[in-house]
Trainee: 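Pasting a structure below so you can have a look.
If you read the sequence from its start, that first residue is 1, and numbering goes on from there.
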Amino acid sequence: CTPVAGSARRFHVDLGQQNVGSGVVQWDIGLELAAAAAEGSSGAGVRYEIVSTDALSAKWLELSRYDGRLDAHHFKQTVTLSARTDSLATHATYLAVCNLDWRGDVSIVRVTLEVVADAASASQVFNVLVEGAGAAEGGAVGAAPTGAWELAYADG
């Protein structure tokens, strides 16, 4: 996780650009009990829960665990994020990591992923037709449709 400037409780996980169909992208997030809490713990520890703020994120993002307990014996845990690359899309969600024993203790993790087409295997997706005076000669687009430009766009 990359801390967001100016905040000790906000983080960003950027999974970058991934080719469509390239499989699952994984990223580990470490949760750690603060040293003072671990030393002063009587064994009760801290219970936590991780909640996505977007219900649709379940279609592309899974977590290895959604809750747990940190204590003096288990003061570190890893949560693995697994993101699917099944379809072209730009994904973003926020995960709230909540201390269940003290509701004011919440950290926010923004997760982003862009799934793109591989340029080598991209096919033509659509054409753009621009009509206007002089368009056939490469001139400026005007009010009278006397020619046309056609721009092909290849996905990727």
Side-chain angles (χ1 to χ4, degrees), residues 1-131 141 149-156:
C1 283
T2 303
V4 174
S7 176
R9 300 208 175 273
R10 293 183 304 156
F11 303 89
H12 185 212
V13 173
D14 182 359
L15 299 175
Q17 285 188 344
Q18 305 294 328
N19 288 333
V20 67
S22 61
V24 175
V25 179
Q26 293 189 322
W27 187 283
D28 289 340
I29 295 177
L31 301 178
E32 185 172 325
L33 188 62
E39 291 170 6
S41 175
S42 61
V46 175
R47 297 176 303 133
Y48 70 87
E49 176 180 43
I50 303 173
V51 189
S52 175
T53 60
D54 175 16
L56 295 177
S57 67
K59 292 182 178 182
W60 65 274
L61 183 66
E62 291 182 35
L63 281 64
S64 61
R65 61 175 58 204
Y66 292 89
D67 56 25
R69 177 186 300 280
L70 298 170
D71 58 34
H73 300 291
H74 303 95
F75 60 94
K76 290 183 182 180
Q77 290 184 5
T78 300
V79 176
T80 302
L81 307 179
S82 298
R84 288 187 287 286
T85 60
D86 299 340
S87 60
L88 294 173
T90 299
H91 300 294
T93 191
Y94 291 89
L95 302 175
V97 182
C98 307
N99 178 341
L100 296 177
D101 299 316
W102 181 41
R103 290 291 181 176
D105 184 11
V106 177
S107 293
I108 302 296
V109 180
R110 182 172 188 238
V111 182
T112 57
L113 168 66
E114 187 175 0
V115 182
V116 298
D118 181 8
S121 64
S123 61
Q124 185 170 326
V125 177
F126 61 86
N127 291 326
V128 176
L129 185 63
V130 179
E131 295 184 339
V141 175
W149 289 324
E150 185 173 318
L151 307 173
Y153 174 78
D155 190 15

Trainee: Which heavy-atom pair separates D14 from G16 by the least distance, and what is that distance?
Mentor: OD1-N, 2.8 Å
Trainee: For Y66, does the OH atom sit with more than 12 other heavy atoms under 6.0 Å from it, leaving out its own atoms?
Mentor: yes
Trainee: Just verifying a value: how many Å separate D67 CG and I50 CD1, rounded to the nearest 0.5 Å?
Mentor: 8.5 Å
Trainee: Taking Q77 for the side chain and R69 for the main chain, is one N or O donor matched with an acceptor at less than 3.5 Å?
Mentor: yes
Trainee: Assess whether side chain to side chain contact (heavy atoms under 4.5 Å, CB included) is satisfied between T80 and S82, documenting all intermediate values.
Mentor: CA-CA 6 Å; T80 302; S82 298; 4.2 Å; yes
Trainee: Do you know the tightest heavy-atom contact between A58 and R84?
Mentor: O-NH2, 3.0 Å
Trainee: Is there side-chain contact between L81 and V13, with at least one heavy-atom pair below 4.5 Å?
Mentor: yes
Trainee: Do the non-hydrogen side-chain atoms of V109 and H12 ever get within less than 4.5 Å of each other?
Mentor: no
Trainee: At their closest point, which heavy atom of S52 faces which heavy atom of T93, and how far apart are they?
Mentor: OG-OG1, 3.0 Å
Trainee: Where is the tightest heavy-atom contact between R110 and A92, given as atom of each residue plus distance?
Mentor: NH2-CB, 4.1 Å
Trainee: With rounding to the nearest 0.5 Å, note down the distance linking NE2 in H91 to CG in L61.
Mentor: 9.5 Å
Trainee: Where do L95 and L63 come nearest, in terms of heavy atoms and distance?
Mentor: CD1-CD2, 4.3 Å
Trainee: Only pairs under 3.5 Å count here: list side-chain donor-acceptor contacts from residues 17-24, not counting sequence neighbours, and write none if there are none.
Mentor:
| unit_1 | atom_1 | unit_2 | atom_2 | d |
| --- | --- | --- | --- | --- |
| Q17 | NE2 | E114 | OE1 | 3.3 |
| Q18 | NE2 | L15 | O | 2.9 |
| S22 | OG | N19 | O | 2.7 |

Trainee: Could you grab the distance from atom CG of D101 to atom CZ of R47, nearest 0.5 Å is fine?
Mentor: 4.5 Å
Trainee: First locate atom SG of C98, then atom OH of Y48, and finally report the distance between them rounded to the nearest 0.5 Å.
Mentor: 12.0 Å
Trainee: With a 4.5 Å cut-off on side-chain heavy atoms, are W60 and V111 touching?
Mentor: yes
Trainee: For the pair D28 (side chain) and T78 (backbone), establish whether a donor and an acceptor sit closer than 3.5 Å, ignoring hydrogens and angles.
Mentor: no
Trainee: To the nearest 0.5 Å, how far apart are CZ in F75 and CG in L31?
Mentor: 13.0 Å
Trainee: Flag the pair T85 / V25 as yes when at least one side-chain heavy-atom distance between them is below 4.5 Å, and no otherwise.
Mentor: yes
Trainee: Could you give me the CA-CA distance, side-chain angles and deciding distance for D105 and R9, then say whether side chain to side chain contact (heavy atoms under 4.5 Å, CB included) is met?
Mentor: CA-CA 9 Å; D105 184 11; R9 300 208 175 273; 2.8 Å; yes
Trainee: Roughly how far, to the nearest 0.5 Å, is the OH atom of Y94 from the OG1 atom of T53?
Mentor: 7.5 Å
Trainee: For the backbone of V4 and the side chain of S7, can you confirm whether one donor and one acceptor N or O come within less than 3.5 Å of each other?
Mentor: no
